[in-house]
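To keep things clear, I will list the structure first and then write my remarks on it.
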Amino acid sequence: MNENLFAPFITPTIMGITTLPIVMFFPCLILSTPKRWLPNRIQTLQMWLIRLITKQMMVMHNERGRSWTLMLMSLILFIASTNLLGLLPYSFTPTTQLSMNIGMALPLWMGTVLMGFRNKPKASLAHFLPQGTPTPLVPMLIIIETISLFIQPLALAVRLTANITAGHLLIHLIGSATLALASISITISTITFIILLLLTVLELAVAMIQAYVFTLLVSLYLHDNS
């Protein structure tokens, strides 16, 4: 109970050198490519999920937006796999780091915005001033819309970081309480352990949902600018 509550969120290092790049590339080992004529069940499930998500996410895009399909599918698979691997004991979740999430959100957001200004500049500039705005409110609305535009990548990163971090903290607190109560009352300890199991199942769902939400919001930004 005396350990640091935020110790699981410290970037692991070996001899003072961060191991974050190794952790980030580790999910690539899980998503294997089929090397046989007939893939096994895991690979079949993997391909079915990718096709389902691709169909649902890219159906609203035009031809220019669908050129981002590979990037968006790689993004959702990377975030989902790192979130799920972070639930393993003694593991590290890169998506709990705000700097990493901003590093993912900022280039993608900037790419969609630059695409919008390049392909349809009039429509992109029209978002800063809604039609029918009273003249006295024009300067204020332009400032508000500009702030809302630049806050989008920060909102993407903070949402992912907060949800993953909150879940890990809850699991850590309830797990510590279960161990502390084991020597006091077995009944209460068993109840908290059941709660811990249910929370772990919930975190499995949250890990995949947050990956989908992050990628879906990037897809919506792309749809608005393509």
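One N or O on the side chain of Ser189 and one on the backbone of Thr178 form a donor-acceptor pair closer than 3.5 Å. Here the side chain of Thr215 pairs a donor or acceptor atom with the backbone of Ala211 at under 3.5 angstrom. Side-chain atoms of Thr112 come within 3.5 Å of backbone atoms of Trp109 as a donor-acceptor pair (strictly under, hydrogens ignored). Distance alone, capped at 3.5 Å, is enough to place a donor-acceptor pair between the Asn101 side chain and the Thr95 backbone.
Arg118 is not listed as a side-chain neighbour of Leu114, based on a closest heavy-atom distance of 4.5 Å or more. Taking 4.5 Å as the limit, some side-chain heavy atom of Leu220 sits within range of a side-chain heavy atom of Met60.
In the hydrophobic clustering of this structure, Leu87 groups with Leu196; members are Ile, Leu, Val, Met, Phe, Trp, Tyr whose side-chain heavy atoms approach within less than 4.5 Å, directly or through other members. Transitive grouping of hydrophobic side chains (ILVMFWY, heavy atoms separated by less than 4.5 Å) brings Ile102 and Ile151 into a common cluster. Grouping the Ile, Leu, Val, Met, Phe, Trp and Tyr side chains by contacts below 4.5 angstrom, directly or via other members, places Leu217 with Leu160. Both Ile79 and Ile209 belong to a single network of hydrophobic side chains, linked directly or stepwise wherever heavy atoms of I, L, V, M, F, W or Y lie under 4.5 Å apart. Hydrophobic clustering (ILVMFWY, side-chain heavy atoms < 4.5 Å, transitive): Leu169 and Ile174 are in distinct clusters.
Side chains of Thr93 and His168: a donor on one and an acceptor on the other come within 3.5 Å.
At most 12 non-hydrogen atoms from other residues, nucleotides or ligands lie less than 6.0 angstrom from CE of Met71. For Phe193, the CZ atom counts as loosely surrounded, since its 6.0 Å shell holds 12 or fewer non-hydrogen atoms of other residues, nucleotides or ligands. For Phe150, the CZ atom is loosely surrounded, since the number of other residues' heavy atoms within 6.0 Å does not exceed 12.
Between the CG atom in Leu75 and the CG atom in Leu70 there is a gap of 11.0 Å [rounded to 0.5 Å]. Rounded to the nearest 0.5 Å, atoms CD1 (Ile76) and OG1 (Thr54) are 8.5 Å apart. Taken to the nearest 0.5 Å, the CG atom of Leu222 stands 11.5 Å off from the CG atom of Leu216. Within the model, atoms OG of Ser99 and CE of Met104 stand 10.0 Å from one another, a figure rounded to the nearest 0.5 Å. Distance check: Leu77 CG to Thr82 OG1 gives 10.5 Å after rounding to the nearest 0.5 Å. Atom CD of residue Gln210 and atom CG of residue Asn83 lie 8.0 Å apart, to the nearest 0.5 angstrom.
Considering every non-hydrogen atom in both Ala207 and Ile164, the closest pair reads CA-CD1, 4.5 Å. Of all heavy-atom pairs between Lys120 and Asn225, the closest is CE-C, 3.7 Å. When all heavy atoms of Gln152 and Ser148 are compared, the closest pair comes out as CG-O, 3.3 Å. In terms of heavy atoms, Arg66 sits closest to Val59 at NH2-O, 3.5 Å. The heavy-atom pair separating Met73 from Ile50 by the smallest distance is SD-O, 4.1 Å. Taking each heavy atom of Leu72 and Ser219 in turn, the nearest pair found is CD1-CB, 4.1 Å.
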Worked verdict on Leu156 versus Tyr221 for side-chain contact (heavy atoms from CB on, under 4.5 Å): CA-CA 11 Å; Leu156 275 177; Tyr221 299 155; 3.7 Å; yes
Check against side-chain contact (heavy atoms from CB on, under 4.5 Å), Trp68 and His61: CA-CA 10 Å; Trp68 285 51; His61 290 280; over 6 Å; no
